[in-house]
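Structure first, then comments.
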Amino acid sequence: MLAEACKEPLLGMYYLATLPLRRRRAAQLVAAGQAPIMSLFYHRVADESPNDWTISNQRFKEEMIWLRERFEIISLTEAQQRMGSEANRTAAVCITFDDGYADNCREALPWLIEQDIPFTYFVASGNVLEGRPFVHDVRQGKPLEPNTPEQIRVLAEAGVEIGAHTRNHINLGPITSQQILDSEIIGSKIDLEKIIGRSVRYFAFPFGLHANLSQQAFATAFRAGYWGVCSAYGGYNMPGDDPFHIQRIHGDPSWARFCNWMTADPRKFRRIPRFDAGDFRGGAGLMGK
């Protein structure tokens with residue numbers, strides 16, 4: 001516990017000490033047309049915090065305000081277009097959510113809509129349709145309420161991009177059964193399209209680390225007609241990357257970690273290999289083409 005308590009001030013010191021270097025590096029990337037296209041993911045925004053994937057409403061709003069002052073906040077579609085281009089001269093960030101917690105609809109999501117901040121909301125369709133708490137919360141003895149179909153429908157009607165996050169929030173990495181992959185990846189798309197009455201264009205892997213991904217699952221998502229797929233192991237998206245695969249960064253409640261990530265931490269450029277999903281550039285259906 002003591003070691004963990006020391007991390008925050010140490011990260012803050014590291015951030016401040018390297019900030020001049022980060023600023024120079026950021027200016028060089030912009031000048032070279034290599035400004036990163038970042039994508040953040042959150043789970044639950046609420047003031048009662050029973051788990052490590054909850055962020056308070058106040059901290060969440062502070063992070064959004066901080067981002068808006070420094071970056072363009074863009075949609076996943078715009079991010080893909082920039083990734084598919086030869087150059088990007090404006091640092092940009094996408095906002096996404098995973099799982100589908102009812103608590104998000106109490107304050108955070110209405111505030112984002114009011115502020116005209118675009119975001120994509122990935123939900124596990126089985127939990128939404130059946131009202132089942134997520135297994136990872138049940139295991140901690142703290143089951144939390146998932147979104148209802150009506151909440152998802154209202155979000156879509158407000159212009160929110162609704163994305164699929166499997167039916168049952170399972171780890172797809174070790175799964176080789178095409179029947180299960182089809183049910184979780186394609187089935188969740190079908191479920192959500194019935195709820196919102198429009199196309200579901202994006203998919204996000206549960207857990208989203210390298211071990212939770214597979215080329216077979218990526219291929220299934222591509223075959224299903226998704227425009228893009230999101231992982232969650234960190235890393236920056238750059239001009240020239242395959243836009244079908246969008247790497248995402250955790251929207252951390254720790255202010256020091258959040259700032260380190262969002263100012264192009266040089267350690268992250270060096271240490272995070274991109275998952276080899278295959279190359280989907282030029283494929284039919286990508287970004288509506």
Side-chain angles (χ1 to χ4, degrees), residues 37-82 90-125 127-128 131 134 144-165 192-193 195-204 227-228 230 232 237 246 248-255 257-259 261-263:
I37 305 109
M38 294 171 279
S39 184
L40 285 168
F41 69 96
Y42 295 86
H43 290 90
R44 178 174 177 266
V45 186
D47 294 328
E48 169 261 331
S49 181
N51 54 43
D52 292 338
W53 43 92
T54 294
I55 184 172
S56 72
N57 282 288
Q58 181 62 31
R59 176 51 57 88
F60 177 74
K61 291 176 183 177
E62 288 171 351
E63 290 187 357
M64 294 301 105
I65 292 167
W66 188 90
L67 289 172
R68 194 161 51 181
E69 291 172 349
R70 292 163 174 80
F71 303 92
E72 278 191 80
I73 302 181
I74 62 175
S75 67
L76 287 181
T77 304
E78 173 67 18
Q80 289 180 293
Q81 291 169 350
R82 295 188 186 203
T90 306
V93 62
C94 304
I95 308 300
T96 70
F97 290 80
D98 283 0
D99 295 358
Y101 284 99
D103 293 297
N104 295 330
C105 288
R106 296 188 168 93
E107 185 172 344
L109 303 190
W111 182 82
L112 285 174
I113 293 168
E114 178 186 295
Q115 295 293 314
D116 200 27
I117 296 175
F119 64 97
T120 300
Y121 201 66
F122 291 104
V123 293
S125 62
N127 296 83
V128 167
F134 298 102
L144 296 165
E145 182 185 355
N147 286 118
T148 65
E150 180 60 22
Q151 287 173 329
I152 299 304
R153 189 178 299 112
V154 169
L155 287 173
E157 289 172 353
V160 175
E161 181 88 51
I162 302 298
H165 197 45
L192 292 169
E193 288 176 344
I195 292 173
I196 65 175
R198 63 191 70 181
S199 177
V200 170
R201 306 185 296 183
Y202 294 97
F203 175 81
W227 290 13
C230 293
N237 304 294
I246 303 161
R248 295 184 300 163
I249 299 164
H250 183 220
D252 207 298
S254 161
W255 191 253
R257 281 196 292 265
F258 174 77
C259 290
W261 267 113
M262 299 312 297
T263 50

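All values below were derived from every heavy atom in this structure, side-chain atoms included, with hydrogens, water molecules and symmetry-related copies excluded.
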### Query
Any side-chain heavy atom of Val123 sitting closer than 4.5 Å to one from Pro146?
no
### Task
Determine the interplanar angle of the Phe97 and Phe119 rings, folded into 0 to 90°, and report it as parallel if under 30°, tilted if 30 to 60°, perpendicular if over 60°.
perpendicular
### Message
Would you say that Leu144 contacts Asn51 through its side chain, given a criterion of any heavy-atom pair below 4.5 Å between the two side chains?
### Response
yes
### Expected output: side-chain Arg82 to main-chain Thr90 donor-acceptor under 3.5 Å
yes
### Task
Say whether Asn104 and Tyr121, considering side chains only, have a donor N or O and an acceptor N or O under 3.5 Å apart.
yes
### Query
Angle class for the Trp111/Phe60 ring planes (parallel below 30°, perpendicular above 60°, tilted otherwise)?
perpendicular
### Query
Any sub-3.5 Å donor-acceptor pair from Thr54's side-chain atoms to Val45's backbone N or O?
no
### Query
Side chain of Glu72, backbone of Ala92: donor and acceptor closer than 3.5 Å?
no
### Test item: Asp99 side-chain N/O and Tyr101 main-chain N/O as donor-acceptor pair under 3.5 Å
no
### Task
Would you mind reporting whether Glu107 and Lys61 have side-chain heavy atoms less than 4.5 Å apart?
yes
### Task
Might you work through the side chain to side chain contact (heavy atoms under 4.5 Å, CB included) test for Arg70 and Met262, ending with a clear yes or no?
CA-CA 10 Å; Arg70 292 163 174 80; Met262 299 312 297; over 6 Å; no
### Task
Under the side chain to side chain contact (heavy atoms under 4.5 Å, CB included) rule, what do Arg201 and Leu76 come out as? Steps first, then yes or no, please.
CA-CA 10 Å; Arg201 306 185 296 183; Leu76 287 181; over 6 Å; no
### Task
Kindly indicate whether the side chain of Glu63, heavy atoms from C-beta on, has any atom under 4.5 Å from the side chain of Leu40.
no
### Heavy-atom side-chain proximity of Glu62 to Ile65 below 4.5 angstrom
no
### Message
Applying side chain to side chain contact (heavy atoms under 4.5 Å, CB included) to Trp66 and Phe258, what does each step give before you reach the verdict?
### Response
CA-CA 11 Å; Trp66 188 90; Phe258 174 77; 3.6 Å; yes
### Message
Given 3.5 Å as the limit, does a donor-acceptor pair link the side chain of Arg198 with the main chain of Ala156, or not?
### Response
yes
#### Entry: Electrostatic pair Arg153:Glu157 at N-O distance under 4.0 angstrom
no
### Message
As a quick check of understanding, evaluate side chain to side chain contact (heavy atoms under 4.5 Å, CB included) for Leu109 and Val160, giving each step before the final call.
### Response
CA-CA 9 Å; Leu109 303 190; Val160 175; over 6 Å; no
